[in-house]
Amino acid sequence: MNKIYPSADAALHGIVRDGQLLAVGGFGLCGIPEALIDALRDSGKKDLTVISNNAGVDGFGLGRLLETRQIKKMISSYVGENKEFERQYLAGELELEFTPQGTLAEKLRAGGAGIPAFYVRTGVGTLVAQGKESRVFDGHAYILEHALVPEVSLVKAWKADKSGNLIFRRTARNFNPAVAMAGKITVVEVEEIVETGTFDPDAVHLPGIYVNRIVLNATPEKRIEKRTITPSTPTGV
């Protein structure tokens, strides 16, 4: 089966729709599927529920979908760095299911592993626990969290072979493997595509069985979320 598509638009054709539950890999701006996010924006699909650690920044990444009001709800662990995200939420224009970061990662991992729900101590006694089943194990209270299984997952990897086996680059791996495994349909944006059999099997981070579609983006923008430099100290001070 040919998994390679000629463009991000083509890779999303026929699988995205209004009102859908999607997951998007990345952490901040590190390891986000830039081309696929732009293609999703251009598709005009709306009322989306998006699972992602955060929502990019103003004007880039998922921030572009917030600007066009295509996202109805975010399932996220971090709201900072995006003023439009904050504004829409505080104005009641955007729903937010605020989820502790480790819990979010486990909800995606569980979805990919076929585990429907799990108990966790994180969030007990807070707003996170409201409306959730609670049990006591070994003298500690736990709350029940349900797995996340997005209809479509958008993922960024460094390299893929033609069978969809993936290699991620350093910290850009972050949420991407869990997002890829959880999705019913997973679309991956990569910087390089090689022949099947090129990779050392031990070097593969995620097997191709989890990957349905691949698109090449050889020159991603890769913005830096925050550039910090050490201020120079004046001589004699």
Side-chain angles (χ1 to χ4, degrees), residues 8 12 16 18-108 111 122-123 126-128 130 145 148 150-157 168-180 182-183 187-189 217 220-229:
L12 296 186
V16 292
D18 292 346
Q20 204 165 39
L21 175 66
L22 300 101
V24 179
F27 186 97
L29 297 182
C30 180
I32 65 170
E34 302 171 20
L36 290 171
I37 291 172
D38 286 350
L40 182 59
R41 177 198 59 191
D42 295 343
S43 75
K45 303 304 179 187
K46 60 184 185 300
D47 296 327
L48 303 172
T49 297
V50 179
I51 306 160
S52 182
N53 179 68
N54 57 300
V57 296
D58 293 298
F60 193 66
L62 287 173
R64 290 179 173 170
L65 294 178
L66 289 173
E67 287 182 344
T68 54
R69 303 300 182 90
Q70 290 170 260
I71 298 177
K72 177 184 71 174
K73 178 180 178 179
M74 287 293 306
I75 301 175
S76 298
S77 71
Y78 181 57
V79 183
E81 305 303 324
N82 192 319
K83 292 181 180 179
E84 181 60 16
F85 187 169
E86 179 184 348
R87 190 201 65 75
Q88 287 186 25
Y89 172 63
L90 293 176
E93 300 169 3
L94 176 70
E95 297 176 48
L96 172 63
E97 186 175 320
F98 199 60
T99 307
Q101 195 169 85
T103 302
L104 181 63
E106 183 64 9
K107 285 163 76 76
L108 288 163
T122 307
T126 73
L127 291 174
V128 171
Q130 288 187 355
E145 294 282 2
L148 291 169
E151 296 171 73
V152 175
S153 285
L154 307 183
V155 171
K156 170 66 185 292
F168 300 93
R169 185 167 176 80
R170 296 177 178 166
T171 56
R173 190 187 310 192
N174 51 63
F175 276 83
N176 279 298
V179 167
V187 187
V188 182
E189 173 184 330
N217 180 13
E221 187 174 343
K222 292 186 181 179
R223 287 195 194 180
I224 297 173
E225 190 168 0
K226 279 189 175 183
R227 181 179 288 111
T228 304
I229 59 173

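Residue numbers count from 1 along this sequence.
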What closest approach, in Å, do [X] and [Y] show between heavy atoms, and which atom pair accounts for it?
X	Y	result
Ser52	Ser76	O-OG, 3.0 Å
Ser153	Gly183	OG-CA, 3.2 Å
Lys156	Pro220	NZ-CG, 3.9 Å
Ala178	Ala105	CB-O, 4.4 Å
Glu67	Asp58	OE2-C, 4.3 Å

Just so I know, are the side chains of [X] and [Y] near enough to count as touching, which here means a heavy-atom distance under 4.5 Å?
X	Y	result
Thr122	Val128	no
Leu127	Phe98	no
Ser43	Leu12	no
Glu189	Leu154	no
Phe168	Val155	yes
Leu48	Leu40	yes
Val79	Tyr89	no

Salt bridge (Lys or Arg N to Asp or Glu O under 4.0 Å) partners of residues 92-108, not counting sequence neighbours, each pair once: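 Listed once each, the pairs are Arg69-Glu93, Lys73-Glu97, Arg87-Glu93, Glu106-Arg109, Lys107-Glu145.
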side-chain contact (heavy atoms from CB on, under 4.5 Å) between Ile71 and Leu94, worked out: CA-CA 8 Å; Ile71 298 177; Leu94 176 70; 3.9 Å; yes
Distance check, rounded to the nearest 0.5 Å: [X] atom [atom1] versus [Y] atom [atom2]?
X	Y	atom1	atom2	result
Ile32	Asn53	CD1	CG	12.0 Å
Met74	Asn54	CE	CG	7.5 Å
Leu65	Lys72	CG	NZ	15.0 Å
Glu221	Glu34	CD	CD	6.0 Å
Ile75	Leu104	CD1	CG	8.0 Å
Arg64	Asp38	CZ	CG	4.5 Å

Whether the side chain of [X] engages the backbone of [Y] through a donor-acceptor N/O pair (distance < 3.5 Å, no angle test) should be reported.
X	Y	answer
Asn174	Thr171	yes
Gln88	Leu66	yes
Asn176	Gly31	yes

Criterion side-chain contact (heavy atoms from CB on, under 4.5 Å) on Phe85 and Leu96, from CA distance to verdict: CA-CA 10 Å; Phe85 187 169; Leu96 172 63; 3.9 Å; yes
Residue of the set Leu108, Leu22, Val179 for which side chain to side chain contact (heavy atoms under 4.5 Å, CB included) holds with Ile51: Leu108
Enclosure of Gln20 CD (heavy-atom neighbours >12, cutoff 6.0 Å):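 Atom CD in Gln20 is packed in, count exceeds 12.
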